[in-house]
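What follows is a single structure, written as structure tokens, with notes after it.
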Amino acid sequence: MMRKNIKYLAILALGFVACEPEFDNPIEESGVYTNGEADFSTYVALGNSLTAGFADGALYITGQENSYPNIVSQQFKSAGGGDFTQPLMADNTGGALLSGNQILDNRFVLAFDDKGAPIGPAIYTGATPTTEISANLGSSFNNMGIPGAKSFHLAAPGYGNVAGVQPGLANPYYVRFASSTTSTVIQDAVAQDPTFFSLWIGNNDILSYATSGGVGVDQNEVPNLDPSTYGSTDITNTTVFAGVYSQLLDALTANGAKGVVLSLPSVTSIPFFTTVPHAPLNPADESFGPQIPTLNATYAGLNLAFEALGVPERAIQFSTTSTSAVVIKDESLTDITDGLAVALAGTFGPLAPVIAAQFGQARQATANDLLVLTSSSVIGKLDTDRLAELMGLGLSQEQAGQFSVKGVSLPLEDQYVLIPAEQTAIENARNGFNATISALATANGLAFYDAAADLAQAANGGIPLQGGEIVTSQFITGGGFSLDGVHPTPRAQAIIANGVLDAVKKTYGANLPKVNPVDYGTVTLSNSVN
Amino acid sequence: MRKLLLLVLFVSVATVTYAGGYRVSVQGQRAIAMGHTGVGVVNSAELVFFNPAGLVYLENKLNVSVGVSGVFTDVLYQNTEFGVSSETDSSVGTPLNIYASYKVNDWMSLGLGVYTPYGSEVTWPTNWEGSHLVNEIELAAIYVQPVVSFKLSDHFSIGGGPIFVTGSVQFNRNADRTATDIEGNRSNIAIDDSGVTNWGWSVGAMFNPTENLHVGFSYRSEIILESEDGEATFSNFPNTTRPGVPPNGTTSFNAELPLPAELTVGLSYEYNKWLFAFDYNRQFWEVYESLDLTFGNGSSSINPRNYKNSSVYRFGVQYEATEKITLRAGYYRDETPVQPGFFAPETPRNDSDGFTGGLSFAVTPKLAIDASFFYLRFEEVDASYDAGSGGPFGGTYKSSAFAPGLGLTYKM
């Protein structure tokens, strides 16, 4: 009897073991995903803010966790990829301190008022930043993305020297993990002996010029091959870019590493340039509408002078029935200040030269002009400095006020507008950079992901995802861009990661799992703002 | 013959069962061992559950059956496109049943049963890929039922009684696929309610064309558990006044969870030392259209289910090996009530095959120890739930359930 019972117990125990479910083809088992010709064991990502996971105007932990290199590295793990470390910030507040003083702003969050109406992006004030730039984390990080870096910065010695931060000679983000005060980003990357790399650099070589409304110099106009002489908002010379890019790839591929390079998307299709319309002045606006007759009467005199000076196309007029374009300063126009001063002398007497200087290169914006996102906070606002200046010159407060409303009676400065000539300079440089990138990718047998094509699709109809979701370049609601209007959301980073994975699969014959962008978020809500 | 039975047992062990949805078929150790058949089996006080009409044909004055099973379930999930996989925390449910019947006179018996026909316990890793559908769920419903059984003749009897149900539910899922607070913690909703009660009933009939053949019928009514004063906890939602985003904290909720009606017809046939049984269950899952939660803070959660009615086919066999030992085995085919596109990881059940076995050992002529097990084998299935936030959530699922059980049967 006992023996029989033991037999039954044994059968029960056997059955218990056999009951664990198992897949026919478990994905954990080797062979499901493959690395092809690539070796993902040490993946190092080089680039700028896009690579770092910068979003909402700041670098913070969850943004870094959702950076495309970090996403890609998780997928690489299923085909031999190793650990992927990032120089994580200390918090999710964004912003940073240098010797205890805040030098970088906190992140933006999307705020709503107490009735639930959107206020828009605002600086997060729910916490104070705790990341101290001067606290060096050591040089070995797989994600070497440096927000703000231009192509030549990656090879610039001293770019991580803490002493150079305040004078603007070094980058606070690189300072955090530079191996020495004289090291370069590319040296620190190569020192990790990467078996695989990604390189997405060059965006800032045009972007800083664009976001500053083109106040910088296009170093292609009069070719300047010495980047050490460039201002921070200049466009990099394409020959300089090609030289640096080639140098970076030579360093990265010296030990036989494979890699992927990314093209540079159009900067002018991002929300930073497409959100503020060229004609935002609404007659229904109480601070603007009632002023239209007075403004048009004043401009009528100016328009006569424009006509007399042979530039009737510069005439300025506001509509009482539909929105009107803002008045801008177009530095590409012939400066007619002197002629205007003469023509206006009868009306304005001794003040004529002042008024003439204000309108010497003025015109109304057209659909071809791009107003930067930050112009939305100045258009229609009184320029108090200008008001004081004009009153100092003898105008009454009322008269002075009439010539001091930004974008209405005081032309918007260069920094708020990208005029067509500036857009052309940007696009020419971008095309030059992209030609270099794709040619060098081919020459070095590297994978190439045309990120520019995906951004173009986001800006033209959108990128469809599952469940009817769509990602567009629409500010705030489109899902593709974070609240700074420049940098991607986690969802867009996931789309970029898929693009990178596709390119790697195609070039190296790897089989890698993708990610589902609907599992990645868009903008962050918070009412912790001032 | 004994070797053959051992073989049957062994094969059975290699593959055991649950039922579709959140029905759990573990309502009697002897029945479990025979494929959970019993509507036409006159064997023990388990008849309180399977067919109260049969109680009056039990030979003894007093019959008591108690039993408990340990239900071990495992669910695996993977998605090859996205390279993700997950596995439920191997949970152990311990459904209990207690039955007793007392023969008042030759034509009437009274009975009482406590059993747990509905329940579910599924725990996925917190924040796993399908966490917008479920992180964790625990459902339990305890049925308490007095019954009466009348013999109308040696060939026909009827029985039935009211059912009192007390239920509890705990459910935790993330708000959607992406929402977080500023620190990146996933926004989460958890509900908790217990002591939700309601009433139902069951009736049965038994027809005995010959001494060896029993034909049974039973019907258990649908019972809707209406949760009205449970507690819902909202956590990690962003601090915002944006319409549609609920505040953090606790609030009340309302929800209805149906415990569907079940119709069973079946028979058993005795031949020497053998007994063969067949049951057909029809489970009326159609009532489970949607799990709708309405919260005290004004938000709500609509979760379409669209279940369909489903069938289970059960076969069982019993063999009196010795005077002291009775061996049992069984098989059943359990069809899922879940329709394509509504396969939610909260009750990941597709069609399954149940293999069962067990034995009784008579310690004394009055007291027997009953042992049972079942193994429920689910085919590997590619399925998705398409009605959740952010579109379909799908992949490959593979699950199993294994339940060894022990019980005592006492008769006097």
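So you know, we letter chains A, B, ... as the sequences are listed, proteins then strands, and number each from 1.
Among Thr241(B), Thr178(B), Thr180(B), the residue with the largest count of heavy-atom pairs under 4.5 Å with chain A is Thr241(B). Ranked by heavy-atom pairs shorter than 4.5 Å toward chain A, the options Pro243(B), Ser85(B), Ala179(B), Gly388(B) are led by Ser85(B). The choice from Ser78(A), Gly116(A), Gly521(A) that makes the most heavy-atom pairs within less than 4.5 Å of chain B is Gly116(A). For the set Leu110(A), Asp24(A), Leu512(A), the count of heavy-atom pairs under 4.5 angstrom toward chain B peaks at Asp24(A). Of the listed residues (Asp181(B), Thr80(B), Val75(B)), the greatest number of heavy-atom pairs within a distance under 4.5 Å of chain A belongs to Thr80(B). Of the listed residues Pro118(A), Gly126(A), Gly467(A), Pro490(A), the one with more heavy-atom pairs under 4.5 angstrom with chain B than any other is Gly467(A). Contact tally against chain B (heavy-atom pairs below 4.5 Å) for Asn66(A), Val32(A), Asp113(A): the top residue is Asp113(A). For the options Val515(A), Thr93(A), Thr522(A), Thr62(A), heavy-atom pairs under 4.5 Å to chain B are most numerous at Val515(A).
Side-chain contact check for Ser67(A) and Gln86(A): at least one donor-acceptor pair (N or O, by modelled atom type) lies under 3.5 Å. Of the N and O atoms on the side chains of Thr524(A) and Arg107(A), at least one donor lies less than 3.5 Å from an acceptor on the other residue.
Between Gln457(A) and Ile463(A), the shortest heavy-atom distance links the atoms NE2-CA, 4.0 Å.
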Practice prompt. Starting from the C-alpha separation in whole Å, work towards a yes-or-no answer on ring pair (Phe, Tyr, Trp, His ring centres under 6.0 Å) for His132(B) and Phe393(B).
Written response: CA-CA 9 Å; His132(B) 60 296; Phe393(B) 174 79; 5.5 Å; yes
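In this structure, no portion of Asp176(B) lies under 4.5 Å from any heavy atom of chain A. In this structure, chain A has a heavy atom under 4.5 Å from the backbone of Val84(B), while its side chain stays farther away. Contacts between Phe237(B) and chain A at a heavy-atom distance below 4.5 Å are absent for every atom of the residue. Interface residue Phe23(A): backbone and side-chain heavy atoms are both found under 4.5 Å from chain B. For a residue to count as touching a neighbouring chain, one of its non-hydrogen atoms must lie under 4.5 Å from one of that chain's; by this rule Ser399(B) touches chain A with the backbone only. Contacts of Glu183(B) with chain A are made by both backbone and side-chain atoms, with heavy-atom separations under 4.5 Å. With a 4.5 angstrom heavy-atom cutoff, Gln75(A) touches chain B only via side-chain atoms. In this structure, the portion of Tyr124(A) lying under 4.5 Å from any heavy atom of chain B is its side chain and not its backbone.
For the pair Arg242(B) and Phe112(A), the cation-pi test (distance below 6.0 Å, angle within 45°) is failed.
Between Asp386(B) and Phe342(B) the shortest side-chain heavy-atom distance does not fall below 4.5 Å. Looking at Glu469(A) and Arg177(B), their side chains never come closer than 4.5 Å, going by heavy atoms from C-beta outward.
Heavy-atom neighbours of Asn25(A) CG from other residues, nucleotides or ligands within 6.0 Å: at or below the threshold of 12.
A salt bridge is defined here as a Lys NZ or Arg NE, NH1 or NH2 lying under 4.0 Å from an Asp or Glu carboxylate O, and Asp334(B) with Arg349(B) fails to meet this definition.
With Pro238(B) as the fixed residue, the side-chain contact (heavy atoms from CB on, under 4.5 Å) test singles out one of Asn185(B), Val245(B), Ile182(B): Val245(B).
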